[in-house]
Amino acid sequence: MSSDGDGESVSPALGSVRRLEGALEASSAERAAAESRLQAARSEASRLLAAARKDAAAAVAARRRSVLDSAEEDVAGIHREGEARATQLRADARQGREAVVDAAVALILPAGDEPEV
């Protein structure tokens with residue numbers, strides 16, 4: 001066996017192995033970089049989601065405050081209307097009572113009779 005022939009066939013094989021090792025290392029480095037970018041993207045997505053949830057909660061709270069403020073204004077208006085109606089009813093009732101008392105007095109005391117003092 002000749003050692004020259006073996007040396008020549010080993011040398012291209014060794015070169016091929018080294019190229020494959022280099023390609024594997026490059027692929028491994030690319031994969032690590034891709035995983036790092038993926039992790040960064042996931043972190044950013046998580047941060048954006050948390051911010052969106054916070055903004056949505058703030059918007060819901062603002063809307064709730066707006067609805068409650070509007071409802072309180074409605075309640076105050078209804079209360080004012082109710083008070084005005086109640087005041088009018090009391091005045092009408094007072095006038096009605098006075099009219100009934102005047103009518104009763106007129107029935108009890110004949111016209112032209114002055115009450116005795």
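We find the CG-CG distance between Asp74 and Asp69 to be 11.0 Å, quoted to the nearest 0.5 Å. Note: Glu35 CD to Arg42 CZ = 9.0 Å, rounded to the nearest 0.5 Å. A distance of 7.0 Å separates CD of Glu98 from CG of Asp102, quoted to the nearest 0.5 Å. One finds the CD atom of Glu30 at 8.5 Å from the CZ atom of Arg37 (value rounded to the nearest 0.5 Å).
Between the side chain of Ser16 and the backbone N or O of Pro12, at least one donor-acceptor pair lies under 3.5 Å. Side-chain atoms of Ser66 do not come within 3.5 Å of backbone N or O of Ala62 as any donor-acceptor pair. Of the possible donor and acceptor atoms, one in the side chain of Ser43 sits under 3.5 Å from a partner among the backbone N and O of Gln39.
Within the 4.5 Å cutoff, the side chain of Ser28 has no heavy atoms near those of the Arg31 side chain.
With sequence neighbours left out, Arg80 forms a side chain to side chain contact (heavy atoms under 4.5 Å, CB included) with Ala76. Applying the side chain to side chain contact (heavy atoms under 4.5 Å, CB included) rule to Arg53 yields the partners Leu49; only residues at least two apart in sequence or on another chain are considered.
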Applying salt bridge (Lys or Arg N to Asp or Glu O under 4.0 Å) to Glu21 and Arg18, what does each step give before you reach the verdict? CA-CA 5 Å; Glu21 285 176 343; Arg18 287 186 178 156; 5.6 Å; no
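Linking Ile, Leu, Val, Met, Phe, Trp and Tyr whenever their side-chain heavy atoms come within less than 4.5 Å leaves Val60 and Val67 in two separate clusters.
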